[in-house]
Amino acid sequence: MSIAKTYSPGEAEEKWYSYWLKHNFFRSVPDDREPYTIVIPPPNVTGVLHMGHMLNNTIQDVLIRRARMKGKNACWVPGTDHASIATEAKVVAMLKERGINKKDLSREEFLSYAWEWKEKYGGIILEQLKKLGASCDWERTKFTMDEDMSESVIDYFVHLHKKGWIYRGVRMVNWDPQGKTAVSDEEVIRKEVNQKLYYIKYEVASDGEQGASAERTSHHAPNTKEYLTIATTRPETIMADAAICINPNDERYLHLHGKSVFIPLINREIPVILDNYVTMDFGTGCLKVTPAHDLNDYELGQRHKLPVIDILNDDATLNEKAQILVGEDRFTARKKIAVLLEEAGALEKTEDYTSQIGFSERTNAVIEPKLSMQWFCKMPELAKPALEYVLNGEVKLIPEKFINTYRHWMENVRDWNISRQLWWGQQIPAYYLPNGDFVVAKTKEEALTQAQAIDSKLTLNDLRQDEDVLDTWFSSGLWPMSVFDGVRNPDNAEINYYYPTNDLVTAPEILFFWVARMIMSGHELRAQKPFTNVYLTGIVRDKLGRKMSKSLGNSPDPLDLINKYGADGVRVGMLLCSPAGNDLMFDESYCEQGRNFANKIWNAFKLIKGWEIDDTIAPKNQIAIEWFQSRFNQALVEIEDNFAQYRLSEALMATYKLVWDDFCAWYLEMVKPAYQQGVDKQKIDAETYKATVNFFEDVLKVLHPYMPFLSEELWHDELFGTRAELDCCIVAQMPTIGKINTQLVAEIEVVQQVIAQVRNIRNSNQLSPKEALPLAVKTNSAINYQAYESVIKQLGNISELSKVDDAVNGANSFIAGTDEFFVKLDIEIDVAAETERLEKERDYLIGFLKSVNAKLNNERFMANAKPEIIDNELKKRADAEARLKIVEDNLRGLAG
RNA sequence: GGGAGUUUAGCUCAGCUGGUUCAGAGCAUCUGCCUUACAAGCAGAGGGUCACUGGUUCGAACCCAGUAACUCCCA
């Protein structure tokens, strides 16, 4: 029988994923076991898998698989969110391709197209997660617009409204003219943009001219008049100006106090107002105030009771209130008005200028500040307890540095605009009466009952439901509860069992967006936290540190990576470079390392698989077996500790080294039967064989959370005997920490040094590894090298290990621990080189001793340092002195 | 402009309460090996003024102050 030289992951991935599914290993239902629950951060239903998802879901899968193997009832709930704006944009695009305009559709018609789109494309990302090995309970797959999920959202809205925490009001919102909806502050991405600053002249009205604007024309000779100049990046909004504002302390403009000016081109007269808000040294010190199109101007306008003139349509074209350029897009209008102003002699100059501009996260359109009637959710009452959970440690943020950010947000929180002018989402359950009043109720029927209390003659037909839908985060904020139906049925068995969930794995970017809102709703509806630990991952960047993005084209396709390196390889690759909470500089070479690791394990398997048992051989590897047992347990301690601190990448590295170094490079080399001429099968004693197979099985278990496919594939090999159908690595019990023989481990460490030194001597003397060498030991320590003779002989290729009482002249020497070793070669040793090497070591030791002695002779050190520190220094001195003596003896030997 | 964070080997990162022969790991590099599991490998080796300047201390990568560079959040 021949086994492939390398592991080929594709087939195993297919096979075992469907095997796991078939046997319901991902399924979780409440039982007597302790639950371990993770709800997936629901990816956007329009999304396709990107590297961020890969990282995030690999981490979740590692956590959930580990919990499963530790005997917990592990439940990972998958799903997607409906992403109003993004989905609606996709649907609009789909309709456009079919020649349908959204405007021509009713709400119901549009929604049926949207559902059609969702059914067709909405599940892609979840299918992709399966390729990664994600062990979600797919039967629990949820979508934020499922009927029960939407009902939960409406319930929550009604609940908050009853408490008086939801209100309606005109506010300046971030308007996305492409999506034609308001978006929240968090959905606005600010970027530096190169712009122009336009200096525009406004004619100052002479005293007699007040109110005479109607007769004015634009044909005045400019020089005979007085002007003031403003600087603006948005000349197309001058028609919406309500005033010019100057700082009352600005001495340059004292003469303007109480005057008014004319807006160029349209010659509307506006007052000059005074406010300290204006920065004197920015631009010209004169600020055009446009309350309808700038948040700060709006507030300024409120203070000075200025009119609000909105000159923009919902799609950011100019409306008839602009008087000129009606119907033009705002950016076209900007270009055109610059020309018009120039022609009218009102444009003094333009300057280059960079400033922060807001872009819609979803459509990338430039955000337009816009006044509109919106629904808001009051935040202070919700935020306060939500902050407490984190500050008192009930909810832990990992890493802790995010607590500061979280606190800062929660203490400066503003009311949340929860309405979106879209159709795709949960329609706001507010019903308007013909007289303009409204009632809020779960259903139209309930609304009618309430409405009839106001006007008993009303019928269902008189009620009109609010057109807007709720922000998607309003529904995902309920996610950990609503997936278990905990909003509608707060006392059901599932929510009581699974909630609060254990770990949440997400990105710091949505700490406030989402994490905070889940904590708020959890507290509000259940007085409970939604989860205990929030593990915040970093952003996946390329190796140049740039964020991965479609436009840069610097993001590999995760599925290509899986094809290339195997899912296990990619999982390992992702985690090797992902410190908690820090961004990770991803590079494909990490996946390569992961693939190589998989291959290493595969080959260890091949080796063991090739052995044949010979009962007549006496067991001879007790030391190796006990040593690895101890090392394995030491590694388990380390891995446990790393997991307890969510240091997944370090736990992985500990596993990596355990397998590669301790198991493959040392243990297998210790026990593997030496090559025998003319013997085609390697034979091994039964005891060693059995121990090795058991070790390998334990190694597979430890590997499983990271490398589920490879471990499952090997688990079922006949090497481990016949397995029952349900005896799978995925549900195997994780090994528990056993005995550690620390003395043995310490002594083997010295033995390892001896072997490395012998190899080094062989290497530096250019001797073949095949050439066996004699080794002599002069023991100063308590180590019984006789016990390790076979190990040393096998791994160091030593012909004979002898004990000596004196240094061996003319031999290469080295020190391991405090013992001296000599390798006598056939060739003459290079006395000069050897002398130099020893002198170097001697000098180092002398220097080292000096520094140790400096401490020990320092009264203050002796007085202040803890006793164990002093003991340590004494031990260091003793060790160094012993080594120094050996080195000096050897030097004398060389000289003599 | 306000706040937070980062800076340790060529790269990515550990380094816990200041104290072990403490300056570490993985990758990459160099040298030698196609040794009967594995060249996707084996063996060995070389890489660092712990960003900079000062301070505290018997003792500083670690604590404090300042400086510089970068990153993120908020305005």
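Just the heavy atoms: all of them, side chains too, but no hydrogens, waters or symmetry mates, feed the values below. Chain letters run A, B, ... following the sequence lines, proteins first and then strands; every chain starts at 1.
- Of the nucleotides present, U7(B) is the one that pairs with A68(B) by Watson-Crick or G-U wobble criteria, both distances under 3.5 Å.
- Looking at heavy-atom distances under 4.0 Å, Arg414(A) makes contact with sugar-phosphate atoms alone, never a base.
- Nucleotide C58(B) forms a Watson-Crick or G-U wobble pair with G19(B), both donor-acceptor distances falling under 3.5 Å.
- Base pairing of C42(B): its partner is G32(B), meeting the Watson-Crick or G-U wobble criterion (both donor-acceptor distances under 3.5 Å).
- Across all strands shown, Ala880(A) has heavy atoms under 4.0 Å from base atoms, whether or not it also approaches the sugar-phosphate.
- Dashed line: the shortest gap from a side-chain N or O of Lys672(A) to OP1 or OP2 of A37(B) is under 4.0 Å.
- OP1 or OP2 of G41(B) has at least one side-chain nitrogen or oxygen of Asn596(A) nearer than 4.0 Å.
- Nearest nucleotide to the Ala604(A) side chain, out of C33(B), A37(B), U12(B): A37(B).
- Neither OP1 nor OP2 of A45(B) sits under 4.0 Å from any side-chain N or O of Arg762(A).
- In this structure, A37(B) forms no base pair with any nucleotide, since neither Watson-Crick nor G-U wobble geometry is met with both distances under 3.5 Å.
- Backbone-only contact: Tyr656(A) has heavy atoms under 4.0 Å from sugar-phosphate atoms and none from a base.
- Between Arg759(A) and the phosphate of G44(B), there is a side-chain N or O to OP1/OP2 separation shorter than 4.0 Å.
- Side-chain N/O atoms of Trp660(A) include one lying less than 4.0 angstrom from OP1 or OP2 on C42(B).
- Between Lys600(A) and the phosphate of C42(B), there is a side-chain N or O to OP1/OP2 separation shorter than 4.0 Å.
- Using a 4.5 Å heavy-atom cutoff, the side chains of Ile608(A) and Leu668(A) are in contact.
- When heavy atoms are screened at a 4.0 angstrom cut-off, Trp602(A) is found touching no nucleic acid atom at all.
- Contact annotation: Lys5(A) side-chain N/O to A39(B) OP1/OP2 distance is under 4.0 Å.
- Contacts of Asn858(A) with the nucleic acid, taken as non-hydrogen atoms under 4.0 Å apart, involve only primed sugar atoms and P, OP1 or OP2.
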